[in-house]
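I have placed the structure first, in the form of structure tokens, so that the comments after it can refer back to it.
Residues take their numbers from the sequence shown, with the count starting at 1.
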Amino acid sequence: VGLVKFLSAKNFHEGTRLELLCGRRAYEYLARSQKAAKETAVLLSTSEENIPEYVQKLINENIHIKADSAKLEDQYLKLRAETCAGREHAFVIDDMLTPDQGRRLADMIADKISGIVTVFVKADPGYRYSVISRNCDITEHIKQLNASLNGRGGGREGFAQGSVSAGRGEILAYIDR
């Protein structure tokens with residue numbers, strides 16, 4: 001039989017199910033595992049024994065970085081929304097935001113204006129849009145936007161989202177008309 005490596009033991013019905021490797025398969029499994037551990041230790045600049053603690057440290061740092069990033073993102077969106085305060089309608093084109101961030105920005109701006117807000121964010125290809133209004137019917141606006149910019153999308157009363165295959169220049173021309 002040679003080398004035996006037990007991989008798992010699980011209660012199964014009235015007994016125990018064992019998963020194991022023997023001989024050459026066990027050796028190859030352990031060699032792959034050891035190689036992976038060594039490569040991981042080199043990448044992390046730590047010893048093989050410290051990999052679990054180091055990975056936990058990285059996970060904790062990642063959690064804090066994500067929390068800080070979310071706070072900064074929220075502050076940025078609030079500041080962006082403030083720049084639209086008091087307008088009747090607002091159009092925003094932002095090539096750095098994700099579609100979800102664009103929707104959140106549109107929602108924040110809608111609280112600060114009296115009409116319709118339209119936010120375009122870069123997608124590949126074209127742009128994604130979010131349209132929100134707290135006080136106006138957006139149905140006609142969406143129809144015109146989709147027809148003019150080769151768009152697709154829709155929504156419910158007061159909110160719509162979709163995509164256009166137009167470029168930034170075409171969107172700016174549509175806004176300026």
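Under the 4.5 Å side-chain heavy-atom criterion for Ile, Leu, Val, Met, Phe, Trp and Tyr, Ile113 and Ile175 are members of distinct hydrophobic clusters. Hydrophobic clustering of Ile, Leu, Val, Met, Phe, Trp and Tyr side chains at less than 4.5 Å, counting indirect connections, unites Leu18 with Val1. At a threshold of 4.5 Å between side-chain heavy atoms, the hydrophobic network of Ile, Leu, Val, Met, Phe, Trp and Tyr places Tyr54 and Ile59 in one connected group. Under the 4.5 Å side-chain contact rule for hydrophobic residues, Leu7 and Leu30 share a cluster.
A heavy-atom distance below 4.5 Å is not found between the side chains of Leu20 and Lys5. Between Asp95 and Arg168, some side-chain heavy-atom pair lies under the 4.5 Å cut-off. The side-chain heavy atoms of Arg104 and Asp107, taken from C-beta on, include no pair separated by under 4.5 Å. Taking 4.5 Å as the limit, every side-chain heavy atom of Asn146 sits out of range of all side-chain heavy atoms of Arg152. The closest side-chain heavy-atom distance from Gln161 to Val131 is not below 4.5 Å. A 4.5 Å side-chain heavy-atom check between Leu58 and Leu44 finds at least one atom pair inside the cut-off. The shortest distance between side-chain heavy atoms of Tyr127 and Val121 does not fall below 4.5 Å. Val119 places none of its side-chain heavy atoms less than 4.5 Å from the side chain of Tyr129.
The backbone N or O of Tyr174 sits less than 3.5 Å from a side-chain atom of Arg177, completing a donor-acceptor pair. Side chain of Arg128 to backbone of Val164: no donor-acceptor contact under 3.5 angstrom is found. Without hydrogens or angle criteria, Ser69 side chain to Ile65 main chain gives no donor-acceptor distance under 3.5 Å. With hydrogens and angles disregarded, no donor-acceptor distance shorter than 3.5 Å links the side chain of Asn150 to the backbone of Ser165. No donor-acceptor pair closer than 3.5 Å links the side chain of His89 to the backbone N or O of Gly115. Looking at Glu170, its side chain does come within 3.5 Å of a backbone N or O of Gly167 through a donor-acceptor pair. With hydrogens and angles ignored, the 3.5 Å screen pairs no side-chain donor or acceptor of Ser148 with any backbone N or O of Leu145. No donor-acceptor pair under 3.5 Å is formed between the side chain of Gln34 and the backbone N or O of Ala31.
Between Phe120 and Phe91, the ring planes are parallel. Angles under 30° get that label, and only those over 60° would be called perpendicular.
A donor and an acceptor atom, one from each side chain of Arg25 and Tyr29, are nowhere located under 3.5 Å apart.
Shown here is Glu61, whose CD atom has more than 12 heavy atoms of other residues, nucleotides or ligands within 6.0 Å.
Lys143 meets the side-chain contact (heavy atoms from CB on, under 4.5 Å) test with Thr139, Glu140; sequence neighbours excluded.
Taking every heavy atom of both residues into account, Ala9 and Thr16 meet most closely at CB-CG2, 4.1 Å.
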**Item:** From CA spacing to verdict: side chain to side chain contact (heavy atoms under 4.5 Å, CB included), Glu88, Ser114
**Value:** CA-CA 5 Å; Glu88 182 180 1; Ser114 59; 3.8 Å; yes
**Item:** Evaluation steps, side chain to side chain contact (heavy atoms under 4.5 Å, CB included), between Lys66 and Ile63
**Value:** CA-CA 5 Å; Lys66 283 183 177 181; Ile63 289 168; 5.9 Å; no
**Message:** If you apply the rule side chain to side chain contact (heavy atoms under 4.5 Å, CB included), what do you find for Arg80 with Val92, and how did you get there?
**Reply:** CA-CA 9 Å; Arg80 235 8 242 280; Val92 175; 3.1 Å; yes
**Message:** Under the criterion side chain to side chain contact (heavy atoms under 4.5 Å, CB included), I'd like the reasoning laid out for Ile171 against Leu149: C-alpha separation, chi angles, the key distance, then a yes or no.
**Reply:** CA-CA 7 Å; Ile171 294 170; Leu149 298 175; 4.1 Å; yes
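Ion pairing of Asp74 with Lys78 is present here, as a side-chain N (NZ or NE/NH1/NH2) and a carboxylate O approach within less than 4.0 Å. A salt bridge links Glu39 and Lys35; the closest N-O separation between the charged side-chain nitrogens and carboxylate oxygens is under 4.0 Å. Taking a cutoff of 4.0 Å between a charged side-chain nitrogen and a carboxylate oxygen, Arg103 and Asp100 qualify as a salt bridge. Comment: Lys122 does not engage Asp94 in a salt bridge, judged by the lack of any side-chain N to carboxylate O separation of less than 4.0 angstrom. Taking 4.0 Å as the cut-off between side-chain N and carboxylate O, Glu19 and Lys10 do not count as a salt-bridged pair. The pair Lys57-Glu53 fails the salt-bridge criterion, with no side-chain N (NZ, NE, NH1 or NH2) lying under 4.0 Å from an Asp/Glu carboxylate O.
In this structure, OG on Ser130 lies 10.0 Å from CG on Leu97, to the nearest 0.5 angstrom.
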